[in-house]
Amino acid sequence: MKINMSYGSGGVQTSNLIHDIFLKHFNNSILNRLEDSAVLNVSGKIAYTTDSFVVTPMFFKGGDIGKLAVCGTVNDLTMMGAIPKYLTCGFILEEGTEIETVERIAESMARAAKEAKVKIVAGDTKVIEGKGGVYINTSGIGEIAVNGVSVSACKEGDAILLSGNLGEHHAAIMSERMGIQNEISSDCAPLTGILNKFIKEGIKVHFMRDVTRGGLATILNEITDSSNCGVEIEETALPISNEIRGFCDILGLDPLYMANEGKMIAVVPGKQAEKALEAMRSSVYGKNAAIIGRITEGKSVTMKTTLQGTRRIDVLYGEGLPRIC
Amino acid sequence: MKTLEQIKDELKNYDGRPVKIMEVCGTHTGSIFKHGLRCLLSPKIQLISGPGCPVCVTNAAYIDKLVDYSLQEGHCVLTFGDMMKVKGSHMSLTEAKALGGKVDILYSPLSAVKLAMDNPGTQFIFAAVGFETTTPIYALIMDELIKNNIHNLRLLTSVKTIIPALEFICENEKEIDAFLCPGHVSVIIGSDAYDSLSKKYHKPCVIAGFEGEHILGAVYEIISQIKHQSFSVKNLYTSVVSGEGNIKAQELVNQYFEVVDDDWREIGVIPGSALRLKKDYEKYDAGSLLEAYVSVGPKCCRCSDVILGRIQPVECPLFSKVCSPLNAIGPCMVSVEGACGIWYKNRG
């Protein structure tokens, strides 16, 4: 069965879609009421964010658009020191989408939400003309557990930690698009576990950011733009797998500019660097974590290369596309 | 044999005559910055960019023709990503697409054949751009087109060859002392291809891979040759480059392509510097022989002086003032392998 325009009409087929797929998988007492708005219990300060997901292909090694839609918003909340509590979810379905595909995506979202300990409490479905594409918007609310997490809190002498290998989501998506057979999987994952470890260990985290579009290089430049500090990283410290190195060499891509969906950087006081590293590494998604550099005086992002040369790291300009030769 | 530390030490403290080494290939330029090699060399060793970026040397008329095809009813241009942003006389393929032109970015050249088979109602034009590295793939595409009797995919070629370009530089640019020869191209043409060039012009030609150590080793070899006044071809990339090159690839290319003169963007016609489909395969050619060469570049842009090694990118009056990756005036700022773009991203 395929989605057609009547599934977005608000009539019986819309109702069937909601009951047979979304309520079945997202099942919770707030959503099940099917009121015009979800009524929520939150305490204290909240973080609130929204993001849209339009990835092609919808299913890829290591994840799918549904898992991405949950993890992306969960991670945006987490990076502000918030424990994610509630998500909303808007689907835009193109005519011709298999209903089975929608169900697979909903199942995947439910699994990711369960892992991240968030409830999907409200939603919306629209159907548009097209060729079977699916687009998802998620918004999320989290309760602030760590105050003052901000790029402006970075200080000279702070350590920069990266929670794992670079480039995996980007390379997995490109491999699918190019039909390249390899073992590279997307790293798509919720990162709240690392925040919980930081809280438990009393780490005074100054800044966190998930490494998504624009890659590590773009985040490091955001630090220098907004904090009046410089950044120096060490090439030898960067966790990059051999598979990703090979993939990048062939296509002329740079792991520093590639997107991840389950990696973060954390800037912590220099004195707490080792303790924060242990905390990261003790989390499921932080096993390959490393201290990759430090906050310095000045205003530029530089990398000490393996050969002890110096390379300036600039922001990403345009899209990273494979080269001719 | 010297250790890496000894080589680094000697290159940092080199105090002989000033030496200008041209890295022919844009990928080498990128690697030099990526590995932070400039600060490891004595100020007397200057590394300068060469003509080995396909996007930078493809003339404007060729891009104009691609743009025209993209806007023609029932046509679709297939291209690699880095050709999208470079302007022809009027616009780029990106701009043509925004006007409703049909342009698809290919991730794998052979997928063009599948696209043509799956869409018989569309006339596909493949932007076959590059150097000797990519030409064998275009020959493979020709094999597939003939084998499968496909007539809705044609090649618009702008395939350059590197040795005539280096000869042109040797004849016209007297300050270049040596060449860091391109690794990828050399896999196909072989190290012997540089022999006559090195002998005739007394220049070290050293082939290297793209790791920092490879490039430092090549610079060290060049400096040693200059010190001893003995100039030759040295292949430091023996794991993939042989003396004779890839014979099978050369035979495949020779089956479909012939040598012709061609225009290099803003440089002019270099004799025997390109490959074009032979007459026998004319029906697969989308009009690669351009009636008139058009080399009208943006005013004040000095991209051609950059790729001939006359100036460094920062010496162009437009560099970082009006020309930047987000507002690229010349092709060397657009391309991922273009010297100006690489210098801009590593400025400071």
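Only a predicted model underlies this, so the values are computations on that prediction, with no experimental measurement involved. The sequence lines fix the lettering, A, B, ..., with proteins before strands; numbering per chain opens at 1.
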Please give me the minimum heavy-atom distance between B:Phe33 and A:Arg311, naming the atom from each residue.
O-CG, 3.5 Å

Are B:Glu211 and A:Asp249 packed together at the side-chain level, in the sense that at least one heavy-atom pair is separated by less than 4.5 angstrom?
yes

Just verifying a value: how many Å separate B:Glu5 CD and A:Gln308 CD, rounded to the nearest 0.5 Å?
8.5 Å

If one checks every heavy atom of A:Thr310 against chain B at 4.5 Å, the contacting part turns out to be both

Looking only at heavy atoms, what is the nearest atom pair of B:Cys39 and A:Gly309, with distance?
SG-CA, 3.8 Å

Crowding at CD, A:Glu156 (>12 non-hydrogen neighbours, <6.0 Å)
yes

Give, as side chain, backbone, both or neither, the part of B:Ile137 having an atom under 4.5 angstrom from any heavy atom of chain A.
neither

Going from CE on A:Met178 to CG on B:Leu106, what distance comes out if it is rounded to the nearest 0.5 angstrom?
10.0 Å

Look up atom NZ in B:Lys85 and atom OH in A:Tyr317, then write down how far apart they are to the nearest 0.5 Å.
12.0 Å

Nearest 0.5 Å, what's the CD1-NZ distance between A:Ile313 and B:Lys34?
10.5 Å

If you compare all heavy atoms of B:Tyr344 against all heavy atoms of A:Asp314, which two are closest, and at what distance to 0.1 Å?
O-OD2, 4.0 Å

Near B:Lys114 NZ, under 6.0 Å, is it more than 12 heavy atoms from other residues, nucleotides or ligands?
no

What's the shortest heavy-atom distance between B:Gly36 and A:Thr305, and which atoms?
N-CG2, 3.8 Å

Between B:Lys8 (side chain only) and A:Leu307 (backbone N and O only), is there a donor and an acceptor less than 3.5 Å apart?
yes

When you look at CZ of B:Arg38, are more than 12 heavy atoms from neighbouring residues, nucleotides or ligands closer to it than 6.0 Å?
yes

